[in-house]
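See structure below.
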Amino acid sequence: MSPTTLRTSLLAALFCLLPLGALAAPTLAQTRFTDQAGSSVSLRAYQGKVVLVNFWATWCGPCREEMPMLNSLRDRLAPKGVEVVGIALDNKAETYNFARQLRIGYPILLGDSDTLSLLRTLGNPAGALPYSIILDRNGKQVGSLLGRLNEKNLEDTLRHFL
């Protein structure tokens, strides 16, 4: 096989693989999470609201520290069309026991083995926690925040999308 033919064949093979790679990467719109009852839930259910999606785990100290603030923020901003949704990268029993102890009122969903890949596609290459994204009323990601959240900055940012 000549070098030109080999190069053409390799390029053709790479172009054929591109759509497969794009399909393999999870997107937020395609991803389904599990609620406490075991039902499958999509974040599309919250379209029409500004949504703060907070990825967390019970073993993550900063995650645990910010949850009461997120609960309070949600209570204040829910009448204006803001929802907070927690997505736990943890086991079901520990997640819901912890949320019950803190009296968390916002929806808590469970991620699965693909959630870490999703975090990376959403702008968190290290998969670090806590990680939050902001979705506008159309479900489009308009912001991301890595690390423990500052209440005033977060509230100001959310109000920008109301």
Side-chain angles (χ1 to χ4, degrees), residues 22 24-162:
T27 66
L28 194 57
Q30 296 168 330
T31 303
R32 304 207 48 95
F33 302 98
T34 305
D35 68 10
Q36 188 171 3
S39 300
S40 180
V41 179
S42 167
L43 291 178
R44 290 183 198 159
Y46 302 100
Q47 210 156 5
K49 296 181 179 189
V50 174
V51 182
L52 175 73
V53 182
N54 178 252
F55 294 91
W56 68 284
T58 60
W59 46 261
C60 167
C63 300
R64 296 167 65 106
E65 293 167 4
E66 72 185 6
M67 290 180 77
M69 178 273 292
L70 292 176
N71 207 37
S72 172
L73 184 76
R74 188 255 190 162
D75 288 347
R76 282 195 317 277
L77 296 181
K80 295 177 171 46
V82 172
E83 183 60 274
V84 173
V85 177
I87 299 179
L89 283 80
D90 217 323
N91 77 51
K92 182 177 179 176
E94 287 183 31
T95 296
Y96 290 112
N97 285 337
F98 181 75
R100 195 171 18 265
Q101 287 172 0
L102 286 183
R103 295 185 173 99
I104 300 300
Y106 57 84
I108 300 287
L109 306 174
L110 294 173
D112 61 18
S113 59
D114 292 330
T115 304
L116 195 55
S117 295
L118 176 65
L119 284 176
R120 291 183 175 112
T121 65
L122 295 173
N124 182 359
L129 296 177
Y131 184 67
S132 299
I133 61 169
I134 299 170
L135 305 177
D136 68 11
R137 293 182 186 274
N138 296 314
K140 179 183 173 204
Q141 182 178 341
V142 293
S144 62
L145 309 153
L146 179 60
R148 187 167 183 225
L149 299 171
N150 173 290
E151 185 172 7
K152 178 165 180 11
N153 292 344
L154 178 58
E155 187 167 350
D156 290 346
T157 301
L158 291 171
R159 286 184 185 278
H160 176 74
F161 297 104
L162 297 178

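Basis for what follows: all heavy atoms, side chains included, without hydrogens, waters or symmetry-related copies.
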**Report entry** From CE (Met67) to CD (Gln101), nearest 0.5 Å
**Finding:** 11.0 Å
Query raised in the report: What are the two closest non-hydrogen atoms of Gly111 and Ile87, and how far apart are they?
Result: N-CG2, 3.9 Å
**Report entry** Distance (rounded to the nearest 0.5 Å) between Asn150 CG and Met69 CE
**Finding:** 7.5 Å
Table please: side-chain donor-acceptor pairs of residues 42-51 below 3.5 Å, with sequence neighbours left out.
from, atom 1, to, atom 2, distance (Å)
Ser42, OG, Arg44, N, 3.1
Arg44, NE, Ala29, O, 3.3
Arg44, NH2, Ala29, O, 2.8
Gln47, NE2, Asn138, O, 2.6

Report summary line: residues 28-137 vs disulfide bond (SG atoms under 2.5 Å apart), sequence neighbours excluded, gives Cys60-Cys63
**Report entry** Residue pair Asp90 / Ala57: nearest heavy atoms and the distance that separates them
**Finding:** OD2-C, 3.6 Å
Query raised in the report: What is the minimum heavy-atom distance between Trp59 and Leu89, and which atoms define it?
Result: NE1-O, 3.8 Å
Query - Atom pair CG/OG1 of Asn97 and Thr58 - distance to nearest 0.5 Å - result: 10.0 Å
Query raised in the report: How long is the span from the CG atom in Leu146 to the CZ atom in Phe55, to the nearest 0.5 Å?
Result: 12.0 Å
Query raised in the report: What do the steps show when you test Leu158 against Leu73 for side-chain contact (heavy atoms from CB on, under 4.5 Å), and what is the final call?
Result: CA-CA 10 Å; Leu158 291 171; Leu73 184 76; 3.6 Å; yes
Requested in this report: Please lay out, stage by stage, how Asp112 and Thr34 fare under the test side-chain contact (heavy atoms from CB on, under 4.5 Å).
Outcome: CA-CA 8 Å; Asp112 61 18; Thr34 305; over 6 Å; no
Query - Within residues 66-80 or reaching into it, pairs that qualify as side-chain hydrogen bond (donor to acceptor under 3.5 Å, both in side chains) - sequence neighbours excluded - result: Asn54-Glu66, Ser72-Arg76, Arg74-Glu83, Arg76-Glu151, Arg76-Glu155
Requested in this report: Would you check if Asn124 and Ile133 make a side-chain contact, meaning some heavy-atom pair closer than 4.5 Å?
Outcome: no
Query - Any pair counted as ring-ring contact (aromatic ring centres under 6.0 Å, His included), so long as it reaches residues 124-152, sequence neighbours left out - result: none
Report task. Indicate yes or no for a side-chain donor-acceptor contact from Tyr96 to the backbone of Gln36 under 3.5 Å, with no hydrogens or angles considered. Result -> yes
Requested in this report: Begin from the C-alpha positions of Leu162 and Arg159 and carry the test side-chain contact (heavy atoms from CB on, under 4.5 Å) through to its verdict.
Outcome: CA-CA 5 Å; Leu162 297 178; Arg159 286 184 185 278; 4.2 Å; yes
Query raised in the report: What do you reckon, is NZ of Lys92 surrounded by more than 12 foreign heavy atoms closer than 6.0 Å?
Result: yes
Query - Under the side-chain contact (heavy atoms from CB on, under 4.5 Å) test, residues paired with Ser40 that sit two or more places apart - result: Arg32
**Report entry** Verdict with supporting geometry, Val85 and Val41, side-chain contact (heavy atoms from CB on, under 4.5 Å)
**Finding:** CA-CA 11 Å; Val85 177; Val41 179; over 6 Å; no
Query raised in the report: Can you tell if the side chain of Val84 reaches within under 4.5 Å of the side chain of Leu77, non-hydrogen atoms only?
Result: no
Query raised in the report: If you take all heavy atoms of Gly127 and Leu116, which pair is closest and at what distance?
Result: CA-CD1, 3.7 Å
Report summary line: The ring-ring contact (aromatic ring centres under 6.0 Å, His included) partners of Phe98 (sequence neighbours excluded) come to Trp56
Report task. State, yes or no, whether a side-chain contact exists between Thr27 and Thr121 at a heavy-atom distance under 4.5 Å. Result -> no
**Report entry** Side-chain heavy atoms of Ile134 within contact of Leu145, under 4.5 Å
**Finding:** yes
